[in-house]
Amino acid sequence: MYVEQPYVISQSSLSQINARRSGIIRFCLCCGIGFCCSLITAVLVTFLVFYFGPYQTIISSPLSYPDFVCSQQPCGCPNYNYGQISKWRIQGKNEPLPMTYPWLVVLAYRHTSDGFCSGFIITPNTVLTAAHCLYARNPFEVQIVAKVHDLRLSNGERYDIDRWHIHSEYQHNNTMHLNDIALIKIKQIFSSDLRFCCLPSTILSIYPPAQTKAVVSGWGRSISNLNSRISSVLQHFVLPIVDTHNVKCRSIIIDSQRQLCAGSHIFSLDTCPGDSGSPLLTVEYDDLDQGHFVATGIVSYGNRHCDMSISSGVYTRVGFYLPWIKSLL
């Protein structure tokens, strides 16, 4: 009689079985992990597309400086070699050549070189700045300092203030500084070699359109040194206008007719404390396709990180206030 013997596995066979079993387990684990990773990636990509989608067309490479030949108007023409302008690439904040922006001035306390805000010249004796720079200060304790590049050096021209006009509807007790604009009259007239910054030609709230390149210059602190008060040396950088319907802008402004947003989340670019009152410059072109800078906005406020991680930078929309400005000139 044939009696079936128990099946005995040899040591070599057992090793082969264990090896196959381990391989199957590893394969299953890899598939499971791969599926989970793919699912997480898909969810993350979907979130980024919906959250940051409106920004994706803003900029995907280092921001180039606005390329234009200045129309040589009495205002809006910076000091630089026009033939070299298209070669400028500004990624982050950089130091421009001294007097690149001949309309830019510093607001400083009398007898000190410490600036606390900036402003810009619009007539031979008039400066525009942000209202929050002047609120609770005395005109007799502040001076306008022109022709300054490095605040550590005791150079520049100082001008006494005759009077200033803070917008009557400026809401100083509101973190969203609506109507954050002020006009300063000096007692003297600025030097003839100082140029003015042009004002925009339109009051439309759709100007300038989103993605327009804009330039900001000032002595605000840098992202790499947020513990500092201000930068001793003038810095400038290029950033795009942000659509007011974008969540990073819509969440931080009150009135899109009076305010606009700018910033780049890709390069973490935004203004910082110390830049307040500086102009947000964009280019307007004439019929001959020549251009000049106009002060589209005035640096007003932003988030504490000085980047686009939470929100855009907010600027007072100068075009809206053209009637108010002209009434005081």
Side-chain angles (χ1 to χ4, degrees), residues 70-80 96-131 133-134 137-167 181-201 215-220 230 233-236 274-282 284 292-299 316 318 321-322 324-329:
C70 198
S71 55
Q72 297 300 321
Q73 293 198 33
C75 59
C77 287
N79 292 322
Y80 50 58
L97 295 175
M99 289 299 293
T100 296
Y101 307 102
W103 46 77
L104 195 64
V105 298
V106 177
L107 275 59
Y109 288 109
R110 187 178 296 274
H111 308 308
T112 70
S113 60
D114 294 335
F116 57 85
C117 273
S118 299
F120 53 99
I121 303 170
I122 60 170
T123 76
N125 68 338
T126 308
V127 168
L128 275 184
T129 188
C133 290
L134 305 181
R137 289 187 167 98
N138 190 315
F140 301 106
E141 66 182 9
V142 177
Q143 286 184 313
I144 302 296
V145 187
K147 297 185 181 179
V148 62
H149 181 77
D150 189 335
L151 297 177
R152 296 167 297 186
L153 304 177
S154 58
N155 58 1
E157 296 178 351
R158 303 181 80 93
Y159 296 87
D160 291 328
I161 294 173
D162 180 31
R163 63 190 183 278
W164 63 43
H165 303 273
I166 297 176
H167 197 282
I181 186 171
L183 184 145
I184 302 174
K185 289 284 188 177
I186 62 170
K187 293 181 179 181
Q188 309 95 326
I189 292 178
F190 288 110
S191 299
S192 58
D193 55 344
L194 289 171
R195 295 178 188 162
F196 317 140
C197 188
C198 295
L199 299 178
S201 60
V215 178
V216 176
S217 54
W219 288 267
I230 59 172
V233 179
L234 179 66
Q235 304 286 306
H236 71 162
D275 289 320
S276 293
S278 295
L280 178 73
L281 303 173
T282 57
E284 283 192 1
H292 55 275
F293 275 130
V294 299
T296 298
I298 301 174
V299 178
T316 301
V318 175
Y321 297 93
L322 288 177
W324 179 81
I325 294 170
K326 293 177 181 178
S327 70
L328 297 172
L329 295 180

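Values in this document were obtained by computation on a predicted structure and should not be read as measured data.
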Does [X] reach the main-chain N or O of [Y] with its side chain, forming a donor-acceptor pair under 3.5 Å?
X: Thr129; Y: Ala182; value: no
X: Glu284; Y: Ser201; value: yes
X: Thr126; Y: Thr123; value: no

For [X] against [Y], the heavy-atom pair lying closest together:
X: Ala146; Y: Val105; value: CB-CG1, 4.0 Å
X: Ala295; Y: Pro279; value: CB-CB, 4.0 Å
X: Gly76; Y: Cys70; value: O-SG, 4.0 Å

Spatial distance of atom [atom1] ([X]) from atom [atom2] ([Y]) [nearest 0.5 Å]:
X: Leu128; Y: Ile325; atom1: CG; atom2: CD1; result: 4.5 Å
X: Gln235; Y: Trp219; atom1: CD; atom2: CH2; result: 10.5 Å
X: Tyr101; Y: Ser118; atom1: OH; atom2: OG; result: 13.0 Å
X: Arg158; Y: His111; atom1: CZ; atom2: NE2; result: 8.0 Å
X: Tyr321; Y: Ile181; atom1: OH; atom2: CD1; result: 6.5 Å
X: Leu104; Y: Leu281; atom1: CG; atom2: CG; result: 8.5 Å

The salt bridge (charged side-chain N to carboxylate O under 4.0 Å, His left out) partners of Arg110 (sequence neighbours excluded) come to Asp160
Residue set satisfying salt bridge (charged side-chain N to carboxylate O under 4.0 Å, His left out) with Asp162, at least two apart, ordered chain then number -> none
- Go through Asn125 and Tyr159 one step at a time and tell me if the side-chain contact (heavy atoms from CB on, under 4.5 Å) criterion holds. CA-CA 10 Å; Asn125 68 338; Tyr159 296 87; over 6 Å; no
Set of ring pair (Phe, Tyr, Trp, His ring centres under 6.0 Å) partners for [X], sequence neighbours left out:
X: His149; result: none
X: Phe120; result: none
X: Phe196; result: none

Could you tell me if the side chain of [Y] sits less than 4.5 Å from the side chain of [X], heavy atoms only?
X: Glu157; Y: Phe190; value: no
X: Leu97; Y: Asn79; value: no
X: Pro102; Y: Asp193; value: no

Exercise. Please assess Met99 against Leu194 for the test side-chain contact (heavy atoms from CB on, under 4.5 Å), listing each intermediate value before the final yes or no.
Key: CA-CA 9 Å; Met99 289 299 293; Leu194 289 171; 3.8 Å; yes
_I'd like to know whether Val318 forms a side-chain contact (heavy atoms from CB on, under 4.5 Å) with Thr296, so could you lay out the CA-CA distance, the side-chain angles of the two residues, the decisive distance to 0.1 Å, and finally the verdict._
CA-CA 6 Å; Val318 175; Thr296 298; over 6 Å; no
**Prompt:** Do other residues, nucleotides or ligands put more than 12 heavy atoms under 6.0 Å from Ile189 CD1?
**Reply:**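 Check fails, neighbour count at 12 or below.
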* After noting the C-alpha distance and the side-chain angles of Leu134 and Leu107, does the key distance pass the side-chain contact (heavy atoms from CB on, under 4.5 Å) rule? -> CA-CA 9 Å; Leu134 305 181; Leu107 275 59; 3.7 Å; yes
For Phe293, does the six-membered ring have the charged nitrogen or CZ of Arg195 within the cation-pi criterion, i.e. under 6.0 angstrom from the centroid and within 45° of the normal? no
Checklist line | Qualifying residues under side chain to side chain contact (heavy atoms under 4.5 Å, CB included), relative to Leu328, sequence neighbours excluded | finding: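 If we apply the side chain to side chain contact (heavy atoms under 4.5 Å, CB included) test to Leu328, skipping adjacent residues, the hits are His165, Leu183, Trp324.
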- With a 2.5 Å cut-off on the SG atoms, do Cys75 and Cys197 make it?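 Unbridged: Cys75 and Cys197.
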